[in-house]
Amino acid sequence: MTAKIINGSEIAKTITAEIRLEIELLKERHGIIPGLATILVGNDPASHVYVGNKVKMCNHLGIHSEHYSLPSNTSEEELLTLVERLNNTPSINGVLVQVPLPKHIHESSVIFSIKPEKDVDGFHPVSVGRMVVDDPSFLPCTPLGIQVLLERSGINTEGAEVVVVGRSNIVGKPVANNMLRKAHNATVTVCHSATRDIASHTKRADILISAIGKPHFITADMVKEGATVIDVGTNELGKTAEGKRILVGDVDFEAVKEKAGAITPVPGGVGPMTIIMLMSNTVKAAKIAHNLL
Ligand code: NAP
């Protein structure tokens, strides 16, 4: 069996067109322009690229974007003052602080200071708590992207054995909690670095989601015949002669695709979904702010 390749780039492209139209209608019918503020502290090159892509995507979609690039010696107090100002700015519906932050700033204090109504990254404990108690909330962008990939590929989670490898706060845990919600009704197992015999768990999975950051960790013998395999891992193996990043996932794609029923590639699987889900959360925040949801 050769797996169906779940083309995240194509799905993200379709959703981009849908969101663009939704924003046009919001403007036309209600005079609403969703707004996203992005804050970057310091000079981390990867963070610059990530935030730059978010700003570009806002411009492409017609989302009002305000970007704040602060020097690495910015104090926690200064950063909190800026977040507070954006919390109280009506034209801004989402506030995103790019992590990692410089060591002298407490990441959690800053994330906690974002108004939950503007927490479009879904990392605020109020958003996390709402997800866990199955209340409507902003879901973190990568877990939401995985949910949408599954939905749009016609993969049913109802009663399915979902095994998540990795338990980080940004991917593993929220993916697991989301799949446990009534809307998805999966039976969920979470593996991590202290799990004994990981393969005994992964081999049971109807849907296997790997988010650990280890190239080719998931091999074909760890996968059940016909399973859906979602590879969140994004591991850089080096650069091409042209300076392009060589990326691979956590999954041994070539071998696993011969056994799985469906699989996401890296690149072009989960990755492109994350940024468009941020845009989707921003539009949702704008609608909630104007009592349209
Ligand atoms: P992270 O914070 O480093 O967490 C990694 C998790 O994997 C931890 O829970 C760790 O277990 C577990 N782990 C590590 N080695 C393991 C092993 N040998 N066996 C079992 N579990 C192991 O990473 P992350 O931020 O979740 O990211 C994971 C990967 O996804 C990275 O490659 C990252 O680049 C990628 N990513 C992609 C996207 C996207 O949009 N495509 C978004 C976010 C992240 P412990 O908790 O026990 O240490």
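In listed order, ligands and their atoms are each counted from 1. The residues of the chain are indexed from 1 along the displayed sequence.
- E236 and K239 are joined by a salt bridge, as a carboxylate oxygen and a charged side-chain nitrogen come within less than 4.0 angstrom of each other.
- Two residues are said to be in side-chain contact when any heavy atoms from C-beta on lie closer than 4.5 Å; I63 and M279 meet this criterion.
- At the shortest separation from atom 24 (P) of ligand 1 among protein heavy atoms lies S168 OG, 3.7 Å.
- Looking at atom 29 (C) of ligand 1, its nearest protein heavy atom turns out to be G213 N, 3.7 Å.
- Within the 3.5 Å criterion, the main-chain N or O of G166 finds no donor-acceptor partner in the side chain of H192.
- Protein heavy atom nearest atom 25 (O) of ligand 1, with residue, atom name and distance: I170 CD1, 3.5 Å.
- Of the charged side-chain nitrogens involved, at least one lies within less than 4.0 Å of a carboxylate oxygen, so that E10 and K13 count as a salt-bridged pair.
- The single protein non-hydrogen atom nearest to atom 9 (O) of ligand 1 is R167 N, 2.8 Å, given as residue, atom name and distance.
- The protein heavy-atom contact nearest to atom 22 (C) of ligand 1 is I212 CG2, 3.6 Å.
- Closest to atom 32 (O) of ligand 1 among all protein heavy atoms lies T234 N, 2.9 Å.
- A salt bridge links E18 with R152: at least one charged nitrogen is closer than 4.0 Å to a carboxylate oxygen.
- Heavy-atom separations between V232 and ligand 1 include at least one value shorter than 4.0 Å.
- A salt bridge does not link K284 with E22: none of the charged nitrogens is closer than 4.0 Å to a carboxylate oxygen.
- The shell of residues lying under 4.0 angstrom from ligand 1, judged by heavy atoms, excludes G172.
- Within the 4.0 Å cut-off (strictly below), no protein heavy atom is located near atom 3 (O) of ligand 1.
- Under the 4.0 angstrom criterion for non-hydrogen atoms, C191 is not in contact with ligand 1.
- Contact annotation: for N235 versus ligand 1, heavy atoms closer than 4.0 Å belong to the side chain alone.
- Taking all atoms of both residues into account, the shortest heavy-atom contact from A205 to A227 is O-CB, 3.5 Å.
- Each of the atoms 40 (O), 41 (N) of ligand 1 lies under 4.0 Å from some heavy atom of G271.
- Looking from atom 44 (C) of ligand 1 to the surrounding protein, the closest heavy atom is V171 CG2, 3.8 Å.
- Looking at H184 and E158, their side chains never bring a donor and an acceptor atom within 3.5 Å of each other.
- Protein heavy atom closest to atom 47 (O) of ligand 1, with residue, atom name and distance, is S193 OG, 2.5 Å.
- Heavy atoms of I198 found under 4.0 angstrom from ligand 1 belong exclusively to the side chain.
- Contact annotation for atom 35 (C) of ligand 1: protein present (non-hydrogen atoms, distance under 4.0 Å).
- Residue contacts with ligand 1, taken as heavy atom pairs separated by less than 4.0 Å, do not involve M273 at all.
- The residues D134 and R181 are annotated as salt-bridged, a charged nitrogen and a carboxylate oxygen being separated by less than 4.0 angstrom.
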Could you walk me through whether E84 and T81 pass side chain to side chain donor-acceptor pair (under 3.5 Å), step by step?
-> CA-CA 5 Å; E84 184 57 22; T81 304; over 6 Å; no
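- Taking 4.5 Å as the limit, some side-chain heavy atom of P265 sits within range of a side-chain heavy atom of I5.
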